[in-house]
Structure formats: structure tokens, C-alpha cells
Chemist: 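Take this structure first; my questions come after.
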Amino acid sequence: MSVQTVLGDVLLLLGVLLMVVAGIGLVRLPDVYNRTNAVAKAGGLGLVLVLLGVVVLDPGPAAVVVLLLAIGLQLFTVPIAGFEIGQAARLSGAPLAPGTRDRAGLTDREPGRGDDGEREAEPEQDEAEGR
């Protein structure tokens, strides 16, 4: 067994383990924000390690070019996709896990508060309109 084979197998094994951790996080974590983070980080890095393991095991020129291109695209697109999914969840009002603090230091999002934690202004009604 050569060093190249051992290194390729180790990279493949680490990549698969990271993808399993991402899958467990997807099932076990409490809210969409934590789940998105787990899948984007561990799943993306796991795929990169698997692709690097394939490059080490099959170092042909065509395979190296294709796999390095795939790795580059993966490293570029996964963080953006994870951010956009989290942003969509926030805009749709997905709840935070209990005890989570947001940027303003609020434990949970309270009704009537904007993104910055400030109370939203009550709509003013004219006395004639309100009655």
C-alpha cells in the first residue's frame, strides 16, 4: 500500500465523516439557522475532502482539472447558498431556537420589534378616521 493510496483513503474517510456529521446536524439541531450552518460548513468541507481524495487516488491531468474546478466552485457557492437560505428563513419569520440571542441581544424575537430590536412605531390614526 503506497503513501498515495493511504492519503487518498484518509481524505475520503474524513470527507465522508464530515458529511455524516452534517447530516446528523440537519436532523438534531433546533432551528433552521443552526441547520443551515451545519450543512453549509460540514457538508461543503466534506465534499471538498472527498474530491481531494479522488484527486490523490487518480492524479490524471483531466481528473485533476475537473476536480479542482469542482472544488473551487464548491468553496465559492456553498457559503453564498447557506447565507441566502438563512436570509430567506429570517425574512419569512422562522423562529429562533429558545435561548438564542440575536444581534440586538434579545433572547427571542419579540412581537412588534424590528431587526434592530427597536420598537416599531405604532401607526398614527387621525381621531376622525379612528372612529
Side-chain angles (χ1 to χ4, degrees):
M1 200 177 248
S2 69
V3 173
Q4 179 182 4
T5 304
V6 171
L7 180 62
D9 289 343
V10 167
L11 287 171
L12 285 170
L13 181 64
L14 287 174
V16 169
L17 287 175
L18 274 174
M19 284 193 253
V20 168
V21 167
I24 292 170
L26 187 61
V27 174
R28 300 271 313 187
L29 290 172
D31 63 11
V32 67
Y33 308 104
N34 290 322
R35 291 176 185 154
T36 301
N37 189 32
V39 171
K41 301 263 191 300
L45 184 58
L47 182 60
V48 167
L49 287 174
V50 167
L51 292 174
L52 282 174
V54 171
V55 167
V56 169
L57 291 173
D58 184 20
V64 170
V65 169
V66 169
L67 292 173
L68 289 179
L69 180 64
I71 289 170
L73 290 172
Q74 182 73 13
L75 290 174
F76 180 71
T77 58
V78 168
I80 295 169
F83 171 78
E84 290 299 327
I85 292 170
Q87 186 76 353
R90 184 186 66 82
L91 292 174
S92 71
L96 295 169
T100 301
R101 295 190 179 273
D102 66 2
R103 288 181 295 184
L106 301 172
T107 305
D108 289 320
R109 289 193 183 138
E110 299 173 17
R113 293 198 180 256
D115 284 343
D116 58 358
E118 298 292 323
R119 282 263 177 220
E120 294 175 358
E122 295 292 324
E124 295 181 20
Q125 293 181 355
D126 204 5
E127 286 185 27
E129 288 179 12
R131 295 183 184 184

Chemist: Treating Ile, Leu, Val, Met, Phe, Trp and Tyr as nodes and any side-chain heavy-atom pair under 4.5 angstrom as an edge, say whether V64 and I71 lie in one connected cluster.
Modeler: yes

Chemist: I'd like to know if L57 and L51 are part of one continuous hydrophobic network [Ile/Leu/Val/Met/Phe/Trp/Tyr, side-chain heavy atoms within less than 4.5 Å].
Modeler: yes

Chemist: Transitively linked via ILVMFWY side-chain contacts under 4.5 Å: V39 with Y33?
Modeler: no

Chemist: Taking a hydrophobic cluster as the set of Ile, Leu, Val, Met, Phe, Trp and Tyr residues connected by side-chain heavy atoms closer than 4.5 Å, whether directly or through intermediates, do L75 and L68 fall within one such cluster?
Modeler: yes

Chemist: Looking at every heavy atom in both A40 and V78, which two are closest together, and how far apart are they?
Modeler: O-CG1, 3.0 Å

Chemist: State the CG-CG distance between D31 and N34, to the nearest 0.5 angstrom.
Modeler: 4.5 Å

Chemist: What pairs of donor and acceptor atoms, side-chain ones from residues 2-25 against any protein atom, are under 3.5 angstrom apart with sequence neighbours left out?
Modeler:
| unit_1 | atom_1 | unit_2 | atom_2 | d |
| --- | --- | --- | --- | --- |
| S2 | OG | T5 | N | 3.2 |
| S2 | OG | T5 | OG1 | 3.1 |
| Q4 | NE2 | V56 | O | 2.5 |

Chemist: Can you tell if the side chain of V65 reaches within under 4.5 Å of the side chain of L69, non-hydrogen atoms only?
Modeler: no

Chemist: By the side chain to side chain donor-acceptor pair (under 3.5 Å) test, which pairs, at least two apart or in different chains, include something from residues 36-52?
Modeler: N37-K41

